[in-house]
Amino acid sequence: GFSNTIREMKTSIIEQMLLIIGAVILQIVMRSTQFTWTEITQFVFSTLLVSIFSYAIYILWDTASGVFVILDYEEQNG
């Protein structure tokens with residue numbers, strides 16, 4: 001069956017949530033007035049932030065694709 005696939009999809013969703021939480025924390029730190037950031041540090045944090053969100057979107061796309069594969073299989077095989 002699809003038990004391994006479903007388990008991996010759940011893991012992917014958890015990974016995506018952790019990435020989004022990490023990105024939100026990074027955004028809060030970047031906006032904090034308690035720190036003075038250099039231009040290079042701001043660039044590195046911004047690049048990291050975009051990378052995290054891009055990867056989270058990729059995981060979302062991959063998980064959604066897996067759902068549609070399972071649905072198509074179930075539809076074809078009843």
Side-chain angles (χ1 to χ4, degrees):
F2 287 106
S3 61
N4 289 336
T5 305
I6 292 170
R7 184 177 59 232
E8 288 299 319
M9 290 171 72
K10 288 178 183 178
T11 302
S12 294
I13 291 170
I14 291 169
E15 181 182 8
Q16 181 184 16
M17 294 305 299
L18 291 175
L19 285 169
I20 291 171
I21 290 169
V24 168
I25 291 170
L26 184 61
Q27 183 72 21
I28 291 169
V29 170
M30 284 177 61
R31 299 290 179 203
S32 174
T33 57
Q34 294 182 347
F35 302 105
T36 304
W37 305 111
T38 64
E39 260 185 62
I40 293 173
T41 307
Q42 288 178 347
F43 176 76
V44 168
F45 278 168
S46 295
T47 302
L48 199 63
L49 190 62
V50 169
S51 299
I52 289 170
F53 276 121
S54 298
Y55 186 56
I57 289 171
Y58 171 75
I59 292 172
L60 175 64
W61 176 81
D62 188 47
T63 304
S65 295
V67 168
F68 287 117
V69 166
I70 291 172
L71 291 175
D72 285 343
Y73 178 83
E74 291 293 321
E75 185 178 295
Q76 291 174 3
N77 296 313

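Counting only heavy atoms from C-beta outward, the side chains of W61 and S65 approach each other to under 4.5 Å. For the pair Q16 and L60, the minimum side-chain heavy-atom distance is below 4.5 Å. Inter-residue side-chain proximity for V44 and W37 is flagged as unmet; no heavy-atom pair is nearer than 4.5 Å. Counting heavy atoms from C-beta on, the side chains of T11 and E15 never come closer than 4.5 Å.
Side-chain contact, T41 with T38: a donor N or O sits under 3.5 Å from an acceptor N or O.
Within 6.0 Å of CZ on F53 lie more than 12 heavy atoms contributed by other residues, nucleotides or ligands. Within 6.0 Å of CD1 on I40 lie no more than 12 heavy atoms contributed by other residues, nucleotides or ligands.
To the nearest 0.5 Å, atoms OG1 (T5) and CD1 (I70) are separated by 5.5 Å. In this structure, NZ on K10 lies 9.0 Å from CD1 on I14, to the nearest 0.5 angstrom. Here S46 contributes atom OG and E39 contributes atom CD; the two are 11.0 Å apart, rounded to the nearest 0.5 Å. Note that CD of E8 and OG of S3 are 10.5 Å apart. Values are rounded to the nearest 0.5 Å. From Y55, atom OH reaches atom CG of D62 across 8.5 Å, with rounding to the nearest 0.5 Å.
Cluster annotation: I6 is not connected to M17 through the hydrophobic network of ILVMFWY side chains, with a link wherever side-chain heavy atoms come within less than 4.5 Å. Hydrophobic clustering places V29 together with L19 (ILVMFWY residues linked when any side-chain heavy atoms are closer than 4.5 Å, directly or through intermediates). Follow the hydrophobic side-chain contacts under 4.5 Å out from V50 and you never reach L26; the two are in separate clusters.
In terms of heavy-atom proximity, L49 sits nearest to A23 at CD1-O, 3.3 Å. G66 and M9 get closest at one heavy-atom pair: C-CE, 3.9 Å. Contact between M30 and Q42 at its shortest, heavy atoms only, is CE-O, 4.4 Å. Here the closest heavy-atom approach between residue A56 and residue I20 is recorded as CB-CG1, 4.2 Å.
Under a 3.5 Å cut-off, the side chain of N77 and the backbone N or O of Y73 do form a donor-acceptor pair.
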